[in-house]
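In what follows, chains are A, B, ... by sequence order, proteins preceding strands, each numbered from 1. All values below come from the heavy atoms of this structure, side chains included, with hydrogens, waters and symmetry mates left out.
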Amino acid sequence: MARKVRVLVAKPGLDGHDRGAKVVANALKDAGMEIIYTGLHQTPEMIAESAVQEDVDVVGLSILSGAHMTMFPRVMELMKEKGAEHIVIFGGGIIPAEDVEKLEKIGVARIFGPGTDTGDIVKFIRERFPEE
Amino acid sequence: MRERPSIESLLELFADGKVSAAARLITILEDGGKDAERVLDSIFQRTGNAYRIGFTGPPGAGKSSLLNRVTAKFRAKDHRVGIIAIDPTSPFTGGAFLGDRIRMQAHSEDPDVFVRSLASRGSLGGISNCTDEVVDLMDAFGKDLVLIETVGVGQSELEISEKAHTVVVVLVPESGDGIQAMKAGLMEIGDIFVMNKADHEDAEGAAREIQDTLRLKDIPEGEWEPKVVLTSAREETGIDDLIDVIEEHRRHLDEGGRFANMRKKILRSRVRNALMDRMERRLRASDKVRELLEQRMESVYRGEMSPYMVVRELEELVSIQ
Amino acid sequence: MDRKKYNDEKKRYQETLSGCGCQDIEFTTVSGEEVGEIYTPDETEGFDYNEQLGFPGQYPYTRGVYPNMYRGRLWTQRQFAGFGTAKDTNGRYHYLLEHGQTGLSVAFDMPTIMGYDSDHKRSEGEVGRCGVAIDSLRDMEVLFDGIDLGAITTSMTINAPASILLAFYLCAGEKKGTAFDKMGGTIQNDILKEYIAQKSWIFPPEESLRIITNILAFCSDHVPRWNTISISGYHIREAGSTAIQELAFTLADGFAYVEAGIAAGLDVDKFAPRLSFFFNSHLDFFEEIVKYRAARRIWAKRMKEKYGAKNPKSLLLRFHTQTAGCTLTAQQPENNIVRTAFQAMSAVLGGTQSLHTNSMDETLALPSEKAVRIALRTQQIIAHETGVINTIDPLAGSYFIETRTNEMEEAAEAYFRKIDDLGGVVKAIDKGFFQREIQRSAYEYQKAFEAGRKVIVGLNRFKLENEEIDIPLLRIDEEVERQQKKAVQDARADRDNDKVARELERLKAAAEGTDNLMPVIIDCARCYATEGEIIDTLKGVFGEYKEPLFI
Ligand SMILES: Nc1nc2c(ncn2[C@@H]2O[C@H](COP(=O)(O)OP(=O)(O)OP(=O)(O)O)[C@@H](O)[C@H]2O)c(=O)[nH]1
Ligand SMILES: [Mg+2]
């Protein structure tokens, strides 16, 4: 049975730098995935609830404003509350190495820094959700 | 990774009103097959309460923005709202960009609004094959209004008219939308025509044009006369009028058993479609049928047999008592 | 010139050249434009010096806006800075001024940019992160403590709430005894590019344009030294546009402001001299130089011919440049120093009026003091060691430069026609024209990079395995947010709240009517109304802009 990978791409926080989020969304779509794009200025509550309702496999969050240590933990916490801790979460943006470590400890699957090849993100998702 | 809880436990959680369970059941419905049928079998008894409103129209007409506004009004009237937003799957990559939800994020923290984005996947028209099933699930989940958004190009508009009780066609004043709509057959299926973006120039003129075209239609005595409403989703005008007309149409259906008939018609066509679909799949899957067909085709190519002779022979092979 | 000899030699050259063979790579600019292998007098045939170049400081200003350019005065070295609380940033400003910086440039944090006070729920985690947090006049007073606002000029990167931050600044100066007309500086105040690229909007376009024309009118009467709009291509480019798109969309925005000003009944020659520009300096050395030269010429021509400007100052396209943040890599970050130096050099050769050079660590975090110093030193090396300032517009007359300048101009004109066909800039925004164009370019570039057709050193070529980043990073303490929350709450407790309520009520009435909003906003600022309160009042009247989605 064909099973499509569903990915939520969102930009939490107040900044409007969505170039990365859109490039990633396009690349994942071109790789055959279904992208639910919720756009700018998303609160952790919006993100978690959308992820649950859409029953996505993966959530990708792009943060460039420096608020990552507030946003990611909050999203993770809400996901757990809503019974969706199975959803794989990855991030992108300007995030210092020591914060990356901390985020990975709380369960963020991967942080992709600036200059990431979108092919690596596709691969990262495909490894977890192979095309059937 | 893809391990999911058993269908039984999901159904239990679903009965308890857990959104995450409902969402995962929708995924099972989307994936189709035996599991999907099991889910549907067990929830179907709880359906039949939701009123379905379809929104269709050309890309970018403001359907999602309008749904956002309409949902706020329906929530103020204490309706529990389910929204199904369908976008096309790319025939080249199989991927899809589902961007309707972005307009409705204002409702994301309201537990009585459930939004689900679907890709059209294998279906040819812009509407997903499992739309009916997802509507059922939202219905069984306690949503008494289900709003369905589809892009009105190709065949989806005809399909939407088989799925929705009220069909709202959303148009914009921009260059010749009205004419496009007529060509695309949208005029045939709309119960309500919305001229959105009324904040733009010439919206009123465009609405009048639609009104004039509708006058030419032959509507039997006592039947519903399609209405035209001007709205601006951006400036939040005309939304109350739209709600009024939707409710008027609903009352109209309630009169004289129209609604019950419509419901029967919808269910009948569902059964028929599912059956046809099943038969077709079985025919395709049968080696015997394929072999015989291949053999006989040679005779057809040579002009020795007519196509109907082949069909009669095949019919016997699959004969239904 | 001996024409026959020329033709023979050219033919011979072309034959040898085709025999030489070329590397198997794409010879295109960073924007994907094909360029020729060599330019000759054939390309510039019919070239008219007077028409196309003129002398520096003379129409059409292709060679520069001033006759003496850097012989008269160097460009302003203006490093953009801001982080944490007003007090933290004030310390950085003193540091920069002591190190020879000649103007200040304020970076605000996201809540300030979006019009939320620091204690708003949406501000959580963002206070003081990528700029300084300013909630009211009180913070502005701290930000410029010990700095004479009559002696320096300040640039503020602020758009949707520009009127409010300008009001805070003017009031802060006034309290130190500097009159409005003695203060100089810039607010970015370019809302059109927010809808197009940067996406820090608050109000819908029409309402935003009204506020902007109010600022234009107010400043030309009361703050004549203020640059009222810094029409910005920088963010358009960072969002992924090509050089041509940056040029064309930015100038189109500029023309839209001019038209809005004229439509509001203002005299073009009164406000146009205070419009300035802000461009990106990207990697392609010559493409950028050519972009600045074409920009000056296009602006001068249109201002004169289409908008009937008479004041020569209205024709001058003066611009600030920032090196391209999006070209910096997190890998081998020291390489960014080199990238930035070349980008700065093309801005100087292109005749910029002021310059910000990025710090090498900006893809890692907020710039550290050391990184900022190197960035500033880069400008000083260009100014004082390389000798490029000696001669004005040294590249003029180059076959290559002039041909490409002409091509740039033509390509921009083609975009202007398209935008006109769509009904102007605001309509084109509504239809998603710019947004789609930029997104497409960004995705194309990403694909070219991933396919290896575009090289980024350290990223897809010449990589280092297991690289250890050895750069000290500036971190913002969580404490900042707590302090700033308390500060804004104290400020609210500490003022005449009845007066604030009355002023906000006046503001509401003004917004509903047609009066100039600036004087009322200044009155609100004076009695310490917060930015969030002022914005909320305006939102109540103007509504909020919603994100469109174009794919
Ligand atoms: N001026 C104006 N713009 C509107 C109005 N309604 C929607 N829009 C804008 O039109 C664009 C498309 O709106 P959507 O609501 O996404 O339209 P849609 O029909 O759902 O689009 P698709 O799902 O892509 O087919 C957005 O930029 C909206 O902001 C309106 O009443 N007036
Ligand atoms: Mg939509």
Residue, of B:Ala119, B:Ala96, B:Ser108, B:Gly94, that accumulates the most heavy atom pairs under 4.5 Å with chain A: B:Ala96

Please determine whether the number of non-hydrogen atoms from other residues, nucleotides or ligands lying under 6.0 Å from atom [atom1] of [X] exceeds 12.
X: B:Arg284; atom1: CZ; result: no
X: A:Arg126; atom1: CZ; result: yes
X: B:Gln45; atom1: CD; result: no

Rounded to the nearest 0.5 Å, what separation is found between the [atom1] atom of [X] and the [atom2] atom of [Y]?
X: A:Ile36; Y: B:Leu118; atom1: CD1; atom2: CG; value: 9.0 Å
X: A:Asn26; Y: B:Phe97; atom1: CG; atom2: CZ; value: 6.5 Å
X: B:Gln105; Y: A:Glu45; atom1: CD; atom2: CD; value: 12.0 Å
X: B:Ser20; Y: A:Glu85; atom1: OG; atom2: CD; value: 9.0 Å
X: B:Thr27; Y: A:Asp55; atom1: OG1; atom2: CG; value: 3.0 Å
X: B:Ser120; Y: A:Glu34; atom1: OG; atom2: CD; value: 8.5 Å

Side-chain contact, heavy-atom cut-off 4.5 Å: A:His86 with B:Arg24? yes

Any side-chain heavy atom of B:Leu98 within less than 4.5 Å of one from A:Tyr37? no

With a 3.5 Å distance limit and no angle check, can you tell me whether A:Glu54 reaches the backbone of B:Ser117 through a side-chain donor-acceptor pair? yes

Identify whether the distance between the nearest side-chain nitrogen and carboxylate oxygen of B:Glu30 and A:Lys4 falls below 4.0 Å. no

Quick one: what part of A:Lys29 sits under 4.5 Å from any heavy atom of chain B, side chain, backbone, both or neither? both

For A:Met33, is it the side chain, the backbone, both or neither that has a heavy atom under 4.5 Å from a heavy atom of chain B? backbone

Judged by modelled atom types alone, do B:Thr93 and A:Asp30 share a side-chain donor-acceptor pair under 3.5 Å? no

Using heavy-atom distances under 4.5 Å, tell me whether B:Glu109 contacts chain A through its side chain, its backbone, both, or neither. side chain

For the pair A:Gln53 and B:Val19, evaluate side-chain contact (heavy atoms from CB on, under 4.5 Å) and give the outcome as yes or no after the intermediate values. CA-CA 7 Å; A:Gln53 291 184 3; B:Val19 174; 3.9 Å; yes

Taking every heavy-atom pair that is under 4.5 Å apart, which of A:Lys82, A:Arg6, A:Met46, A:Gln42 has the most such pairs with chain B? A:Arg6

